[in-house]
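This report concerns only the one structure given below.
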There are 2 protein chains.
Amino acid sequence: MELEKVRPKSGRAVKMTDIARIAGVSSSTVSRALADHPTIPEATRNTIQALAREHGYVVNRAARNLRQSQTQTIAVAVPLGHEREQLISDPFFLRLFGHLADEISQRRYDILLVREPSPDAHWLGRLVQSQRADGFIIVGQSDQHQALNLAARDYRPLVVFGSELPDQIYCSVGSDNFEGGRLATDHLLRSGRRRILFLGPAELPQIDLRLDGYRQAIGDHGLSVDESFVLPAHFTGPSAHDAVRDLLARGVEFDGIFAASDGIALSAIRALESAGKRCPADVSVVGFDDSDLASQSHPALTTVRQDFPGIAATIVDHLFRRLDGEGTYSSTLPVNLVLRESAPDR
Amino acid sequence: MELEKVRPKSGRAVKMTDIARIAGVSSSTVSRALADHPTIPEATRNTIQALAREHGYVVNRAARNLRQSQTQTIAVAVPLGHEREQLISDPFFLRLFGHLADEISQRRYDILLVREPSPDAHWLGRLVQSQRADGFIIVGQSDQHQALNLAARDYRPLVVFGSELPDQIYCSVGSDNFEGGRLATDHLLRSGRRRILFLGPAELPQIDLRLDGYRQAIGDHGLSVDESFVLPAHFTGPSAHDAVRDLLARGVEFDGIFAASDGIALSAIRALESAGKRCPADVSVVGFDDSDLASQSHPALTTVRQDFPGIAATIVDHLFRRLDGEGTYSSTLPVNLVLRESAPDR
DNA sequence: GCGGTTTACGCAATCGATTGCGCAGTTGTC
DNA sequence: GACAACTGCGCAATCGATTGCGTAAACCGC
């Protein structure tokens with residue numbers, strides 16, 4: 001009964017001119033009254049607002065967006081460059097996305113999630129041009145470095161989740177991946193481990209930095225890196241498990257693993273256990289992220305914690321500063337090592 | 001250098017009339033050429049499309065949305081009725097959202113995430129009227145039943161994640177919560193447990209159905225429900241932990257717990273352990289959802305698995321059928337019990 | 001070579017709200 | 001009482017693409 005007003009019998013949606021007619025004013029006045037424009041006296045404003053509420057009138061956002069060239073919407077864009085699978089339901093992405101969404105919606109903006117299945121050099125330019133959002137957050141720096149640089153040349157409200165890379169001109173926010181890798185490896189070394197594997201997709205910029213930190217720590221301890229201990233592994237799928245299994249089958253000796261994610265770490269531990277090795281008795285393992293799994297798994301995972309809420313808050317803060325016309329520099333946020341059972345202190 | 005074309009020196013975005021002028025045709029022709037309209041001969045079409053590509057032209061979506069009254073966008077809306085916290089970063093919601101987003105983006109639609117911080121009876125009507133999306137998925141049936149019914153009276157492309165309730169006129173999709181509760185409780189009873197707690201927020205419709213299943217199973221075994229064993233607990237926070245702790249402190253005896261979520265189950269297990277009880281030796285525990293945590297926790301959680309990909313696929317399928325003008329009935333998807341350590345078979 | 005059909009494309013209205021400018025009418029000042 | 005300033009509000013242009021209708025040119029058959 002109440003809703004009848006929202007969609008009158010005609011089936012036609014109530015629009016601004018309808019309210020104007022009923023109120024006996026022009027649509028300009030209605031527009032200004034609803035926007036709390038000060039040139040409309042309070043009495044008129046209240047009357048019109050009451051009328052609009054009563055008739056269930058809501059501003060047509062498509063029309064407003066067109067006229068104002070802005071949308072009160074922030075887009076989170078995901079290029080699916082090398083990952084052919086469905087990236088959106090990936091837990092890591094979702095965790096970051098959740099915090100981003102919280103931050104954005106607190107600022108009363110809506111969130112548009114856009115997935116680009118076939119990114120080329122111009123996908124971001126196209127997206128930006130389409131006027132679907134006022135600002136953009138890109139998750140998936142990976143192989144998009146050039147496309148990002150291209151788009152950032154003349155488009156400002158754009159922030160990228162990722163590492164700061166040498167020749168980048170866009171604004172990025174991410175964890176201190178180098179220090180994370182260094183911390184993790186240093187911890188393993190200090191606890192007496194000497195033959196430490198690196199497991200992860202080093203072709204991704206953020207992961208490559210973790211690998212750099214791994215190398216640094218090993219060097220700092222006066223050791224040298226055995227390149228055959230640097231193993232490629234994907235975040236999902238069996239590659240990490242298989243890599244460890246194969247190594248054990250070949251009789252290679254090692255006593256520590258630094259994995260580029262908690263998921264990879266858990267896969268590795270499972271591979272160790274099926275080969276009869278114990279973690280941490282025989283092999284200590286350190287993960288990365290401090291995902292929900294890390295504290296619940298068995299053994300609980302020693303891991304490098306990324307500050308997701310902080311990262312999301314920083315990304316969104318930078319983005320809104322850029323919307324206000326400010327410039328912002330890339331940020332690198334600190335990480336810290338969370339000690340649990342899989343790589344105890346000693 | 002390439003991107004110069006995307007935003008010409010003037011700073012003004014390329015628009016359709018620009019392409020039209022360059023191509024020596026009218027904007028109508030450009031519009032139709034880009035839309036692969038058959039009345040435009042292939043040669044002209046190709047020329048115009050090439051020109052558009054070369055100049056980095058992209059259709060302004062705000063203008064198109066206004067003219068066509070459609071947006072190629074599905075909104076996922078979250079009313080934050082009783083939960084004052086930030087619901088979006090909640091893992092349960094994100095998991096469902098991820099699968100929804102995968103399904104929607106596969107259909108080449110964008111996803112708009114809208115959070116309504118202060119839902120009243122008309123929030124959905126307002127949202128629908130605002131023309132920001134072509135269809136709506138509502139997550140958070142909880143205390144919104146009346147608002148949903150109100151909106152569904154005359155708005156069709158709307159699907160709700162939740163249970164089928166007695167007087168509902170909207171289309172909902174959800175798990176068979178009743179059967180889940182029955183299965184979980186029946187399993188505990190069959191394995192010899194007799195004094196079984198229910199832990200969960202029974203004020204939510206979906207949870208209340210799980211409680212009904214719990215009662216049914218107990219009745220089926222010829223026992224009667226001890227109402228003091230039905231305990232309120234929230235999904236987050238310490239309420240589940242505290243409830244179990246208090247019960248143990250009062251010396252109440254029990255040997256089984258059916259928790260309305262995996263998170264609640266894990267809280268309960270932690271409370272048991274800090275009181276010196278063992279799970280499953282002293283108390284068997286069954287959770288709900290089969291979240292990522294369930295298989296990794298220690299002890300691994302016996303739980304009722306909800307088919308998230310299936311739920312998401314069904315929701316989106318129903319929604320698109322409704323967009324095509326079809327009617328759809330509410331769906332209830334099967335659940336199944338996953339046996340792990342926290343409540344073994346015997 | 002002529003009527004009729006088809007082809008190719010342009011004109012102008014339209015979607016619905018926003019906003020610069022300007023006009024009445026009122027108030028204020030000396 | 002004359003002129004200026006201000007108040008309250010409407011006119012009409014505008015945002016940029018889409019689309020129904022119309023028309024000129026090309027084409028066809030006989």
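All figures in this text were calculated on a predicted structure; none of them were measured in a lab. The chains referred to below are lettered A, B, ... by the order of the sequence lines, with proteins before strands, and numbering in each begins at 1.
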Pairwise side-chain contact, I311(A) with L96(A), heavy-atom cut-off 4.5 Å (strictly under): yes
Report yes if some heavy atom in the side chain of L66(A) is under 4.5 Å from a heavy atom in the side chain of R67(B); otherwise report no. no
Looking across every strand, which nucleic acid part, if any, lies under 4.0 Å from V30(A) by heavy atom: base, sugar-phosphate, or nothing? nothing
If I take atom CZ in residue R132(B) and atom C1' in nucleotide dA17(C), what distance separates them, rounded to the nearest angstrom? 15 Å
Going through the distances and angles, do H318(B) and Y329(B) end up as a ring-ring contact (aromatic ring centres under 6.0 Å, His included)? CA-CA 8 Å; H318(B) 280 32; Y329(B) 291 107; 9.2 Å; no
Do R32(A) and dG8(D) share a donor-acceptor pair, side chain to base, under 3.5 Å? no
Closest of dG16(C), dA17(D), dC11(D) to the V59(B) side chain is dA17(D)
Examine dG16(C): is either OP1 or OP2 under 4.0 Å from a nitrogen or oxygen in the side chain of Y57(A)? Give yes or no. no
At how many degrees, to 10°, do the end axes of the helix from dG1(C)-dC30(D) to dC30(C)-dG1(D) meet when each uses five pairs? 30°
State, without any angle test, whether S130(B) and R61(A) hold a side-chain donor-acceptor pair at a distance under 3.5 Å. no
Taking for P41(B) and for R61(A) the nucleotide of DNA chain C with the nearest heavy atom, the one nearer the 5' end belongs to P41(B)
Of the nucleotides dC9(C), dT18(C), dC9(D), which has the atom closest to the I40(B) side chain? dC9(C)
Any S31(A) side-chain N or O less than 4.0 Å from OP1/OP2 of dT19(C): no
For a quick test of reading the model: is some side-chain N or O of T29(B) closer than 4.0 Å to OP1 or OP2 of dG10(C)? yes
Look at the side-chain N and O atoms of Q68(B) and state whether any lies under 4.0 Å from the OP1 or OP2 oxygen of dT19(D). yes
Whole-Å distance between dG8(D) P and R45(A) CZ? 10 Å
When rounded to whole Å, the NE2 to C1' distance for the pair H37(B) and dT7(C) reads 14 Å
Around E326(A), counting heavy atoms of other residues, nucleotides and ligands shown, do more than 12 lie under 6.0 Å from its CD? yes
Rounded interatomic separation in angstrom, taking CD1 from I19(A) and P from dG16(C): 14 Å
Please determine whether a side-chain nitrogen or oxygen atom of T44(A) lies at a distance below 4.0 Å from atom OP1 or OP2 of dC9(D). yes
Measuring only between side-chain heavy atoms, which start at C-beta, is I315(A) closer than 4.5 Å to F161(A)? yes
Give the rounded distance in Å between these two atoms: CE of M16(B) and P of dT14(D). 20 Å
Roughly how many Å is it from CG in N46(A) to P in dG8(D), rounded to a whole number? 14 Å
Quick check for you: among dC15(D), dA17(D), dT19(D), whose closest atom lies nearest to any side-chain atom of L66(A)? dC15(D)
Gap separating the CD atom of Q131(B) from the CD atom of Q70(B), nearest 0.5 angstrom: 10.5 Å
Using a cut-off of less than 4.0 Å, is there contact between a side-chain N or O of R67(B) and OP1 or OP2 of dT14(C)? no
Are any non-hydrogen side-chain atoms of V25(B) and V30(B) less than 4.5 angstrom apart? yes
Regarding S28(B), tell me which of base, sugar-phosphate or nothing describes its non-hydrogen contacts under 4.0 Å with the strands shown. base
Starting at CG of N65(B) and ending at C1' of dA17(C), how long is that distance when rounded to a whole Å? 14 Å
base_contact_polar (dG10(C) base, R21(B) side chain, donor-acceptor, <3.5 Å): no
Heavy-atom nearest nucleotide on DNA chain C taken for G24(B) and for A63(B); more 5' hit belongs to G24(B)
Whole angstrom is fine here: how far is it from CG in N60(A) over to C1' in dC15(D)? 13 Å
